[in-house]
Number of protein chains: 2
Amino acid sequence: MSIKNIPGPGRPRDESIRTKILKTAIMILKRRGYKQATMSEIALVAQVGKQTLYRWWKNRAELLMEALLYNAEENVDARIAGDGSTALKDFIMRIFESVNKDAGVILKSLVAEGIADKKFSRIFFTTFIAKRQQTLSMMIRAHASLPEKESETVCALVDVIFGAMWYRIIFEHRPLDGKLAAFLSDLVKRVH
Amino acid sequence: MSIKNIPGPGRPRDESIRTKILKTAIMILKRRGYKQATMSEIALVAQVGKQTLYRWWKNRAELLMEALLYNAEENVDARIAGDGSTALKDFIMRIFESVNKDAGVILKSLVAEGIADKKFSRIFFTTFIAKRQQTLSMMIRAHASLPEKESETVCALVDVIFGAMWYRIIFEHRPLDGKLAAFLSDLVKRVH
DNA sequence: ACAATACAAGACCAGGAGTCTCGTAATGTC
DNA sequence: GACATTACGAGACTCCTGGTCTTGTATTGT
């Protein structure tokens, strides 16, 4: 994502500056929202030259994307092991918690960038969303009562689950809580 | 939405200019996308002074919102009458068609505005989304096999259906087609 | 010492939202 | 018809943001 740090002559890149910028960006996003998290503001708060931002990332969208990945280091990976009957619900719940904590604002910001820039929308989808979809569809297959589930149905279920999540992330009309997680994992069991 | 036209002294407002602006905005949104649909561009193409835009609407978000409502005059209302077994699927399908035709770009634009401006997000939700949710929950209640469905479940189902729709509107990874509509209406029947 | 790069600070440019001004057109009132 | 009042098209203007460029200094390998 960020521009590579190939060793050569001259002063070396300072990795700690890169993470300082990412942390600052996340903090501003959380505290002041998407619109206030301007490049100048991030540079100012991080006490960093604007050029340094553009040395590490080629534009705002790339920086925000990496902020998301950096933030998601507490990674929500598929732990298919464990009690099979609640594995799916637990998985969904873990994602919800991450969204409720920090990721929500960042995810929304990236959607906004994607709406303004179709090319970025594709990048965002392939480098982040698609991977989550893969994981979820594995979980669904494992969780489903009927084994030979055609992929069409699994795809629809993935869109249903993440769709409901995104819908509540974007409009914030209802919380992402255990009730929804239970309802969604229940839904999967009902499909044959 | 648009600023009222109270009669009084002076030259009267020209309603045809208002609709000309809305049509131009929709056209630019469809043909060039959200980012290109700037206020200056709309004014230029519509052959209208920028001040006229701001006389009718107080900002870009308001204009886009009214463009959406104007575009949605081919209104997707609940026609609960008709074959009860396909009424829900038909309803969903009609919304999908409207989105696929014009509304999709406008809806996405309004989401982007909402992400940048929380206050507008609320306005968008209450004046547009909430009404669609009302209609859909009526349809669900009518469609459901079990009559006494607690409102909690209906709300979740609404979020599931519109969630899946929005998810595909935003990322465009899969089409909004009859298959999804059938799957979703089927899902409702399976919930008890 | 020297070349090369990174860094902070900040000037600079392009473009968009929103405001303001100007000259003109359309209305009601006298 | 004269007048006050408002709408209109055109476009200049301010302010802000994304992104670039410059300058002076710091840090590396040779």
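Being a predicted model, the structure only gives us computed values, none of them experimental. Proteins come first, then strands; the chains are lettered A, B, ... in the order of their sequence lines, and each starts at number 1.
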I'd like to check the salt bridge (Lys or Arg N to Asp or Glu O under 4.0 Å) partners of B/Arg11; sequence neighbours left out, ordered by chain and number.
none
I need the CG-P distance between B/Asn59 and C/dA17, as an integer number of Å.
11 Å
Using the 3.5 Å cut-off, write out each protein N or O paired with an N or O of nucleotides 10-17 of chain D and the distance between them.
none

Kindly write out the residues that satisfy salt bridge (Lys or Arg N to Asp or Glu O under 4.0 Å) with B/Asp186, not counting sequence neighbours, or none if the list is empty.
B/Arg190
Once salt bridge (Lys or Arg N to Asp or Glu O under 4.0 Å) is applied, what residue pairs with a partner in residues 25-41 of chain B remain, sequence neighbours excluded?
B/Lys30-B/Asp102, B/Arg32-B/Glu41
Grab the CZ-C1' distance between B/Arg55 and D/dT5 for me, whole Å please.
13 Å
Can you tell me how far P of C/dG18 sits from CD of B/Glu113, to the nearest Å?
8 Å
Between protein and nucleotides 26-28 of chain D, what N or O pairs are separated by less than 3.5 Å?
unit_1 : atom_1 : unit_2  : atom_2 : d
D/dA26 : N3     : A/Arg11 : NH1    : 3.3
D/dT27 : O2     : A/Arg11 : N      : 3.4

For residues 19-29 of chain A, dump all side-chain donor-acceptor pairs below 3.5 Å to protein atoms at least two apart in sequence or in another chain.
unit_1  : atom_1 : unit_2  : atom_2 : d
A/Thr19 : OG1    : A/Ser16 : O      : 3.0
A/Lys20 : NZ     : A/Ala46 : O      : 3.4
A/Thr24 : OG1    : A/Lys20 : O      : 2.7

What's the CH2-C1' distance between B/Trp57 and C/dA17, to the nearest Å?
16 Å
Integer-rounded Å distance: D/dC21 P and A/Leu53 CG
16 Å
Applying salt bridge (Lys or Arg N to Asp or Glu O under 4.0 Å) to A/Asp117 and not counting sequence neighbours gives none
Partner set under side-chain hydrogen bond (donor to acceptor under 3.5 Å, both in side chains) for A/Asn100, not counting sequence neighbours
none
Nearest-Å distance, CD (B/Glu41) to P (C/dA17)?
10 Å
Partner set under salt bridge (Lys or Arg N to Asp or Glu O under 4.0 Å) for B/Glu172, not counting sequence neighbours:
A/Lys118, B/Lys108
Sugar-phosphate only, base, or nothing, as touched by B/Ile17 at under 4.0 Å among non-hydrogen atoms
sugar-phosphate
Any idea which of C/dT19, D/dC8, C/dC7 is nearest the B/Tyr54 side chain?
C/dT19
Please verify the inter-ring angle class for B/Phe125 with A/Phe171; under 30° counts as parallel, over 60° as perpendicular, anything in between as tilted.
tilted
